[in-house]
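To start, the structure under review is shown below, and the notes come after it.
We count ligands from 1, going down the list as the structure has it; atoms in each ligand are counted the same way. All figures in this text were calculated on a predicted structure; none of them were measured in a lab. When a residue number appears, it is its place in the shown sequence, counting from 1.
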Amino acid sequence: MKKRPVGSALLGVALMLLLGNSAVCAQSPAALVTMSVAVDASAAARGILHVHERIPVAPGAVTLVFPRWIPGEHAPDGPIVNLVNLMIHAGDARLTWLRDPNDFYAFHVEVPPGNGAIDVAFDFVGAPVGFYSSARLSTRNMLVLTWNKVLLTPAAEDYRRIIIAPSVTLPANWSYATALDGAVQTGPSVHFAPVTMEQLVDSPLDAGTNERRWPLGSIDGAPVDVAVFADTPEQLDGADATIAKLRKLVAEMGALYHARHFNHYTFLLTVSDVMAGEGVEHGQSSDDGVNPGDFLTSDTTRTANGDLLAHEFNHSWDGKYRRPADLATLNLQVPMHDDLLWVYEGMTQFYGDLEGERSGFFTAQEWRDNLALQYAILDTTTGRATRTLYDTALAEPIFIDEPATWHAARRSADYYSEGELMWLEADITIRRLSGGRRSIDDVARAFFGGTSTGPTVVTYTRDDIIAAFNAVQPLDWRGFFVTRVDDIAPHPPNPFEAAGWRVAYRPEMSGIEKIFNDVNKDVDARFSIGLTADPQGVVRDTIEGFPAAAAGLAPGDKIVSVNGRAATEVQSALDNGLRAAEQSGTLRLLILNGGVYRDVTIAYSGGPRFPVLERIPGRPDLLEAVAAPRSGT
Ligand SMILES: [Zn+2]
């Protein structure tokens with residue numbers, strides 16, 4: 001522990017040199033600090049947690065830091081704005097704290113002589129808005145406790161040297177679930193076995209009034225279950241079909257990787273009309289949420305979120321166990337480098353959708369038509385003409401709370417969907433070159449599966465990925481990635497035609513796009529006139545070079561009427577207008593913006609257009625082999 005500006009470039013470079021590209025986290029070094037954190041969540045239903053820490057310190061200058069770079073969120077978005085009522089005592093003396101002028105996540109105090117510990121008290125208050133986990137804390141019926149929100153710790157270069165004894169006090173009659181071990185009930189509080197700060201931040205706790213658990217099977221002897229927290233008991237009934245798919249998912253992931261890197265695994269899932277949706281990976285659990293709250297019972301909501309649990313589960317192998325070296329930082333104050341997210345997130349997006357299909361969350365057609373949709377969206381993303389896929393990964397932190405407008409020009413987290421297409425292209429390439437004997441599943445099993453362990457981190461670099469692919473199928477993989485990741489690519493990877501399929505445009509939306517748009521409340525005319533909107537008709541995006549932008553439409557314009565008829569249901573009003581435009585060659589809109597109405601005439605005669613995949617006659621269907629389940633169950 002030393003007083004120094006944390007988060008400095010110098011410290012980041014030192015850590016990267018220290019990390020190298022080998023296994024660095026398999027063994028924890030000796031403890032530097034052993035402290036306790038007690039979270040009084042008895043007022044969780046009001047949206048406030050009372051936190052008390054006892055931290056051994058030496059007298060003199062002490063710096064405490066609040067976690068800034070949050071694992072799984074890949075960004076410096078630790079929600080410090082919600083930390084309030086901070087008081088620090090040494091014995092009976094209240095100490096004056098001073099925030100670091102160069103690092104707003106650091107607090108300095110001077111501990112008087114004769115004191116061997118400080119008591120730190122603060123509150124964490126909920127905010128039902130924001131992005132990622134800052135929007136999730138509690139409702140009247142449930143709590144999502146991610147420990148990075150309730151920790152002020154001494155600044156340490158290696159957070160595995162901070163050992164923390166955690167405890168929580170819950171409202172009466174609330175039950176909880178967590179991957180933390182060694183729970184002992186003491187009065188109203190639950191105490192868990194001390195763990196490293198790394199493991200504590202990686203082990204969220206969900207609690208609530210309406211909980212139900214289901215065992216889902218096991219992988220190499222390690223049990224997997226799901227703990228679901230709901231607004232009402234009824235949201236937990238009638239879940240048999242969904243639970244059966246989750247059991248299939250566990251079997252499929254075992255059949256894919258043949259090994260696991262957890263001692264036990266729990267999906268911590270909120271299904272709620274109040275709590276925000278979420279998906280953040282952890283090694284032995286995942287912080288998952290679906291809003292609306294009928295995920296267990298509605299086919300539509302389940303399908304719209306059909307990749308969520310597969311995606312987060314996949315991260316236990318790809319992301320938590322195998323991790324890019326420059327993402328595996330040794331504390332949460334130094335910058336993470338996101339340049340390999342096209343592997344970490346891109347391949348997980350590929351497997352999230354694919355294992356969702358192999359487990360029955362998607363039909364094969366829904367899986368295929370979603371791939372076509374992602375291709376088509378990426379192909380109308382004009383920002384790709386000036387930004388590489390690499391840059392979308394590297395610059396993720398500045399896009400984490402990007403506005404909903406001007407998406408196509410901006411190009412944002414494309415390493416998810418474009419990564420998915422690239423890894424499918426890699427899979428099709430291996431299958432073709434090996435005559436169907438090998439596939440990307442062999443790379444995944446060797447690289448991310450390995451031999452079963454408990455939670456541990458083994459880091460990698462791009463060279464390690466290239467070597468893993470060459471071990472399965474010799475090819476110029478370095479050049480393959482340069483072309484798709486580092487170079488400006490006018491079009492996204494097209495893995496379809498070599499697999500016997502092609503992207504085609506039809507006048508009706510595919511089933512899966514309709515489900516996504518209904519649940520996500522999107523209006524889509526992007527593939528015809530280059531426009532998206534919200535259900536009230538307020539334009540989110542106009543794509544430069546497409547007819548809507550050429551007619552002067554822009555984000556913020558509200559579509560009031562189409563061809564003289566009120567646009568009460570905006571998607572169908574636009575679709576009807578686009579069908580009429582096939583004859584007339586124009587689409588007439590009444591637009592409201594800034595209290596002023598204006599007429600806009602769009603020149604267009606192509607009709608509604610929505611992407612699907614269709615077979616190329618006479619070519620072998622390789623997507624069928626990709627989609628085939630691997631487990632016998
Ligand atoms: Zn992810």
Quick one: side chain to side chain contact (heavy atoms under 4.5 Å, CB included) partners of T301, sequence neighbours excluded?
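T301 satisfies side chain to side chain contact (heavy atoms under 4.5 Å, CB included) with V290, P292, D294, F295, S298, N305 only.
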Between E345 and H315, a side-chain donor and acceptor under 3.5 Å:
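There is such a pair (donor and acceptor under 3.5 Å, judged by atom type) between the side chains of E345 and H315.
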More than 12 non-hydrogen atoms from neighbouring residues, nucleotides or ligands closer than 6.0 Å to NZ on K245, yes or no?
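Counting neighbours around NZ of K245, more than 12 heavy atoms of other residues, nucleotides or ligands fall under 6.0 Å, so yes.
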Which N/O/S atom belongs to E345 and is the closest one to the Zn ion (ligand 1)?
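Per the distance ranking, E345 contributes OE1 as its closest N/O/S atom to the Zn ion (ligand 1).
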Can you spot which of R260, H258, H261 makes a side-chain contact (heavy atoms from CB on, under 4.5 Å) with D220?
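That would be R260.
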Metal-centred angle, NE2 of H315 through the Zn ion (ligand 1) to NE2 of H311, rounded to 10 degrees:
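Value, to the nearest 10 degrees: 100°.
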Look at E312 and state whether any of its N, O or S atoms is less than 2.8 Å from the Zn ion (ligand 1).
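No, outside the cut-off.
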